[in-house]
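Let me begin by presenting the structure, written as structure tokens, before commenting on it.
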Amino acid sequence: MNNKFDALKDDDSGDHDQDQGSPKDCEKEKTDDEDKEQNTSKKKMVVPGAGEHPLQYNYTFWYSRRTPGRPANTQSYEQNIKQIGSFASVEQFWRFYSHMIRPGDLTGHSDFHLFKEGIKPMWEDDANKMGGKWIIRLRKGLASRCWENLILAMLGEQFMVGEEICGAVVSVRFQEDIISIWNKTASDQATTARIRDTLRRVLNLPPNTIMEYKTHTDSIKAWEDFHGLVNASGGR
Amino acid sequence: MIGSLLYYVLYPVSRYLTGRRSEASAVVIGTAVCDGAAVTSRRFSPSQTALLDLWLRPSSRGSKGERIKDPNSEKLDDTRPDMDKALLMAALHKHTQNDTASKMREVQPAVMQEETGKSHTPQQEEVEAHRQGDVETMHHQLLYCKEKTERESISPAEDWSLENILKVQFICLQTKDSIQELSHPPQEQPQTQNLESLSPKDRMQETSSAAENQINKTNKEIPQTAAEPECWDEYVLPNTDLPQGEASNSQLAFVPLLSNTETTRQHNAQSSLHFPVGRGLVEEVQCPLWHFPAMSYYPPEEATVPFEVIWRVWEKLDESAAAEDSTLIPFPLKKVSVEFTVMSYNILAQDLLEANQELYIHCPLEVLDWSYRCSLLLEEIEKWLPDILCLQEVQENHYHEQLHPALSQIGYTCVYKRRTGTKTDGCATCYRSTCFSEVAATQLEFFRPETELLDRHNVGIVLLLRPLVSHGSEVKEEAPPLCVANTHLLFNPRRGDVKLAQLAIMLAEIDSVIKRCKAKGEHCNVILCGDFNSIPHMPLYQLITTSELYYQGLPAWMISGQEDLSHKAYCHRLFSPLWPSCLEITNNCQYTTVNETFKCQNPGKSRYSHDFMLQLRFCPAACVRPQDLKLIPGVTDITPEASKGSQHFEQRFGHRLSHRLNLESVYKHVLPGSGRPEVTTLHSEVGQTVDYIFYTPRCAPDKKAVSRLASEGLKLVGSLSLLSEDVLWSMHGLPNHIFPSDHLSLMAKFQLDVDTV
């Protein structure tokens, strides 16, 4: 019954990946597995080492990769997303980051997720369900630098929007890469504006870069519509 | 023949009188003799010159009107004891006896003749009458007498009066001596030694040519000194409080000019002076006339009161630029600006002076005495009265016992920071309480035991001051704050790496002060001054003035450039990172964490800048693979070393220091005009620029006109001129009787625009 994670935002923009095979059927089931998961994460709560520079929040790295050819089903979740590790200090962050490949060097249909510890990279998480995300589509070659700038700003509390930030995602796709940052309250325009302005500053983006804000509600709806079509035609 | 005769008569007499002159307190006050001979005379001893004059004058002209016999001379003559005359005679005879045989034969009859002539009563009367007149005429008269006596038959038994003739001669000598007294300063006497060593006859023949040579020599010196007009060109009457030693010092240095003055008189019809110079005197240099309002041929009644030389002059920047600025403002708006002065001064701690005595062997002991130096120092400060005073090498006990009380008394508020460790000196930043109020003060210690690099005991002070602008009566307007940073970086010429780290701490503190101001919506201007122990245009200086420095691989000595140590077989080089992340200062010379006050505003916040995060990227802890990191091929299977990205990063950013302050040096390190290097410090080993005043310059006019009425940045209005090394050595180096430290003070005046509502 791990299929709750299918509800993980399948894709950054959540609408264009027709072949995204994540089963959506059980998304509303909040099972005891989830509680179990939260319990275990509490148990494992990391702390900064002696003399290290503590972060304002603990964060967790996630990695996901669509398995080609395999039919999307509830069992495929474990192959799709993996928790890489959690950290509590700047030093610990670099330990993970330094041993992870740069997003630009990832192959295939892959995502890195960096979320506050305890917040799952999924629309349905309590922290996310009222939220949304800023989406920036990047031409190939920019993802590594932008991703690094983005997460350094997030970890260093440069967004100055209090508790609003939930996490960030970089999605490597065929012709483009997408980075996004998620916040809790999609309706808080002051916050979203501030996040946008900070993004522009820290990412050092080309001037013609388009930034788009999308609420998770819209993402879910679009996904459901799309997969509804898939289901209707495919007779799943 | 007659000439030589007279010479040998007069020479011993004059010698004798010269010897006596010190005893004879009632030296005749003579009157001016304004003719060309005065030029030659100043290079000779009085006696020599007297003789010279005697010989030159008969051949020149006998104009009585030019010379006035001093009325006192007769009185002096009368009151002189008879013993003098007897001695005079004895000396005369002794001399003639000792002379060569042939000369003796010439001299003695001549004396006899002379004496005989004088014994003739009418002649004597005539001589007596001429005593009222000109000395020169007197000699003519004597010659006339001699001629007469040859023709006339005179009773040998007649009682001739040696006394009378001696009287005449004596008067004439007295007059000459007194003239000499007036026409040149006494301290020039030593210069005549070489001439005195010549034999009398030689000297006689050489006097005129020697005189010319002297003029030429003197003139050759003048073009050199004239190349420094900014140093010499002003003299003011002694309305200031400089000690007397200073005056004698300056007079000494002005010997060439004094001679020049007299040359001027000689050529008084000309508007300027032309000096033959160079080999064979083929070249000619033209110099404008010098004017010495404070000088006179007459000894002033207050002969002991010195005149002051302005060694260092206030240089104003071209005001036309300011006029241009104002025209750029399209419509007349109310613009208020304040001006203030800043002085930076390494005052040489007495303990350091005594610990490094070999650097001051050129100095007379009295100028090394602290109480003397302290009085000079306070005089200098009081003279310029800077609104902000940044001192370095302030010895703790001297600060508490002398400097602080004295500075408080003249209106300064002071912040003092002693160096850590065993050194007894430190920095002091003082400001005039009527001009500024203190917003914040930080005392920086560059000694960081946790950082191996920062093991040196240097300190700095960063003040945030707010200018007090009183507009009209009581209305005080808000002027933008001013950050004043004062430091004395490590001296060690080999440790440029330490200096850079110390500077980075300083810059980070300034940066945090500016950020605090910015948070309140204010632009903060910066003054960074002190002794940086680094010479202009070398890497440390470049970092300050150009805001960035690529340091990878640079030899550590090169950072400051105080000494060229490139010949050393081994030299320590700089490699990234310069300092560990635990210093919490980025390569951008900013604090990695927000400062304490900011933390208080956001309790519990751990904010880190991008740069700070990057600093920790390759810290040891970050290079260990996390135990719980699963190996996912193609995702988590790389090591930090293998990361191409990190190498790229290192190449791009890792070897570079930068800061975000815009700083410019007040001084340009060469003297305007001559183009010779300025020096701010000089001792027996070296003279160079190591002290600076850096400031935030005003933005470009166009930008200013668009943005705000009150422009950001400071406008440099003027500065106190520095000196070149040779000029300082002409004052016998540093410290001396004028400048009490082995550093010169730096001073600048700035203009700051104030917002008006």
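Each chain gets a letter, A, B and so on, in the order the sequences are listed, and its residues count up from 1.
Interface remark: A/E52 contributes side-chain atoms only to the contact with chain B (heavy atom separation under 4.5 Å). For A/Y97, the part lying near chain B is the side chain, with the backbone staying farther off; criterion is any non-hydrogen pair under 4.5 Å. For A/Y63, the part sitting under 4.5 Å from any heavy atom of chain B is the side chain, from C-beta outward, and nothing else. For A/L106, the part sitting under 4.5 Å from any heavy atom of chain B is the side chain, from C-beta outward, and nothing else.
Nearest heavy-atom pair across A/S144 and A/G104 is OG-N, 3.0 Å.
In this model, no donor atom of one side chain and acceptor atom of the other lie less than 3.5 Å apart for B/N525 and B/T696. If you check the side chains of A/D188 and A/T191, you find a donor sitting under 3.5 Å from an acceptor.
Close placement of the B/F447 and B/H457 rings is indicated, their centers lying within 6.0 Å of each other. For A/F87 and A/W94, the distance between ring centers is not under 6.0 angstrom. Side-chain rings of A/H109 and A/F174 stay apart, their centers remaining 6.0 Å or farther from each other.
Highest contact tally toward chain B, considering only A/L55, A/V90, A/N149, is held by A/V90 [criterion: heavy-atom pairs under 4.5 Å].
The salt bridge (charged side-chain N to carboxylate O under 4.0 Å, His left out) test with A/D111 is passed by exactly one of A/K82, A/R65, A/R173: A/R173.
Legend: ring-ring contact (aromatic ring centres under 6.0 Å, His included) pairs involving residues 131-165 of chain A, not counting sequence neighbours, sorted by first then second residue: A/W134-A/Y213.
Within residues 630-637 of chain B, the residues having any heavy atom under 4.5 Å from a heavy atom of chain A are, by residue number, B/I632, B/G634, B/V635, B/T636, B/D637.
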